[in-house]
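What follows is a set of notes on a single structure, which appears directly below.
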Amino acid sequence: MKQLSKEFFNRDTVVVAKELIGKILQVDNIRARILEVEAYKEDLASHARTKTPRSKIMFDTHGHIYVYFIYGMYHCLNITTDSKPGAILIRAIDYPGCSGPGKLCKTLNITRKDNGLELGGRFKILDDGFIAKIKKSERIGIKEDKHLLWRFYIEDYSVVNQKRII
DNA sequence: TACTGGATTCACT
DNA sequence: GTGAATCCAGTAA
């Protein structure tokens with residue numbers, strides 16, 4: 001099982017998002033397959049639309065962790081991609097209590113203290129050679145028809161169960 | 001300094 | 001389907 005290189009993330013956000021489906025997210029000792037992601041580029045709905053102290057990491061890095069706090073209750077885990085800017089929200093993984101972005105962070109104890117970490121430390125993305133079938137939602141978002149975000153799901157859940165790695 | 005609204009979740013109807 | 005919980009980043013002044 002090999003760890004994805006930093007350069008894997010130095011590509012178009014949507015391409016990376018698609019390829020992340022079926023890969024394995026490791027946080028501390030927990031490993032689970034990535035089931036659902038969302039790709040954010042220069043989107044009106046995205047923090048990447050303006051460069052601020054918070055969103056700076058999306059402009060300056062790739063292969064880094066971007067965590068933000070939302071609705072006063074939840075954190076969301078992202079991985080930065082090419083410096084255009086962009087990031088990929090990890091929405092769900094194949095692990096109990098990780099069926100949504102807020103729940104995932106709560107279950108894995110991910111908070112803003114993890115913001116800015118480079119992949120390879122607490123967080124790793126691994127490739128075990130599994131190739132997932134992918135379902136794509138076209139350009140989610142309705143505000144002013146200017147959204148450029150895509151959501152990708154794994155299609156073959158039954159295969160994931162057979163290839164469960166935890 | 002004050003205000004506004006959000007990349008969510010869950011309980012309730 | 002709807003609304004509440006909750007707090008912080010961003011923005012305007």
Side-chain angles (χ1 to χ4, degrees), chain A residues 4 8-28 30 32-119 122-125 132 134-155 157 160:
Chain A
L4 294 185
F8 175 89
F9 297 93
N10 190 22
R11 296 180 295 155
D12 181 78
T13 308
V14 174
V15 173
V16 177
K18 225 184 286 185
E19 294 188 17
L20 268 185
I21 295 290
K23 297 291 187 294
I24 293 162
L25 171 69
Q26 178 173 347
V27 183
D28 298 327
I30 293 172
R33 209 174 290 284
I34 296 172
L35 302 181
E36 191 176 327
V37 301
E38 212 157 85
Y40 288 85
K41 299 176 74 172
E42 304 96 326
D43 183 341
L44 283 180
S46 165
H47 300 168
R49 71 182 182 279
T50 50
K51 191 172 183 175
T52 65
R54 180 174 67 167
S55 65
K56 185 172 180 289
I57 185 170
M58 281 195 282
F59 289 75
D60 297 343
T61 71
H62 54 268
H64 281 64
I65 299 298
Y66 171 46
V67 181
Y68 60 86
F69 190 60
I70 192 159
Y71 298 127
M73 310 178 80
Y74 297 106
H75 292 86
C76 291
L77 171 67
N78 297 250
I79 299 172
T80 61
T81 58
D82 64 14
S83 53
K84 289 188 175 175
I88 296 166
L89 171 67
I90 309 294
R91 296 186 54 86
I93 61 175
D94 183 28
Y95 190 78
C98 295
S99 58
K103 293 161 76 177
L104 186 153
C105 287
K106 194 180 171 192
T107 301
L108 301 181
N109 192 29
I110 296 166
T111 65
R112 279 178 302 161
K113 74 180 187 304
D114 298 303
N115 187 45
L117 293 181
E118 195 168 352
L119 285 174
R122 185 184 182 209
F123 297 86
K124 295 185 179 74
I125 304 288
I134 298 167
K135 254 186 191 169
K136 174 187 174 187
S137 277
E138 299 285 343
R139 296 187 59 170
I140 297 167
I142 46 175
K143 284 183 186 171
E144 302 176 38
D145 195 31
K146 288 180 181 173
H147 284 207
L148 288 170
L149 64 97
W150 292 260
R151 186 176 294 180
F152 296 103
Y153 310 81
I154 202 159
E155 185 174 295
Y157 280 89
V160 169

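So you know, we letter chains A, B, ... as the sequences are listed, proteins then strands, and number each from 1. Quick caveat, the model's predicted, so the values are computed rather than measured.
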So does A:K106 get a side-chain nitrogen or oxygen closer than 4.0 Å to the phosphate oxygens (OP1/OP2) of B:dT9?
no
Closest to the side chain of A:Y71, out of C:dC8, B:dT8, B:dC10, is B:dT8
Just to confirm, is there a sub-4.0 Å distance from OP1 or OP2 of B:dA7 to any side-chain nitrogen or oxygen of A:R91?
no
Mind checking whether A:V37 and A:R91 have side chains closer than 4.5 Å, heavy atoms only?
no
Contact class for A:G102 (heavy atom, under 4.0 Å): base, sugar-phosphate, or nothing?
sugar-phosphate
Rounding to an integer number of Å, can you tell me how far A:L89 CG sits from B:dG6 P?
16 Å
Closest to side chain of A:I70, choosing from C:dT11, B:dA7, C:dT6
B:dA7
Ignoring the backbone of A:R54, work out which of C:dG10, B:dA7, B:dT9 is nearest its side chain.
C:dG10
Round to the nearest Å and state the distance from A:M73 atom CE to C:dG3 atom C1'.
13 Å
Donor-acceptor pair under 3.5 Å, A:Y68 side chain vs B:dA7 base:
yes
Taking NZ from A:K51 and P from C:dT11, how many angstroms apart are they, rounded to a whole number?
14 Å
Tell me whether the ring of A:Y40 lies stacked over the B:dA7 base, given a 5.5 Å limit on centroids and a 30° limit on the plane angle.
yes
Rounded to whole Å, the CZ-C1' distance (A:F69 to C:dG10) equals 16 Å
Which residue, A:P53 or A:G72, contacts DNA chain C at a nucleotide closer to its 5' end, judged by nearest heavy atom?
A:G72
How close or far is atom P of C:dA9 from atom NZ of A:K56, stated in whole angstroms?
16 Å
Under 4.0 Å from OP1 or OP2 of C:dA9: is there any side-chain N or O of A:R112 that close?
yes
In this structure, how many angstroms lie between the C1' atom of B:dA7 and the NE2 atom of A:H75, rounded?
14 Å
Which base, if any, makes a Watson-Crick or G-U wobble pair with B:dG6, both distances under 3.5 Å?
C:dC7
I want to check one thing: is the phosphate of C:dA9, taken as OP1 and OP2, less than 4.0 Å away from some side-chain N or O of A:H47?
no
Reference residue A:P85; test side chain to side chain contact (heavy atoms under 4.5 Å, CB included); the match among A:H62, A:K41, A:M58:
A:M58
Closest heavy-atom pair and its distance - A:I57, A:Y66
CG2-CD1, 3.6 Å
Is the ring pair A:H47/A:Y68 parallel, tilted or perpendicular, if the boundaries are 30 and 60 degrees?
perpendicular
Does the side chain of A:L4 come within less than 4.5 Å of A:L119's, by heavy atoms?
no
Proximity to the side chain of A:Y74 - top-ranked nucleotide from B:dT8, B:dA7, B:dC10
B:dT8
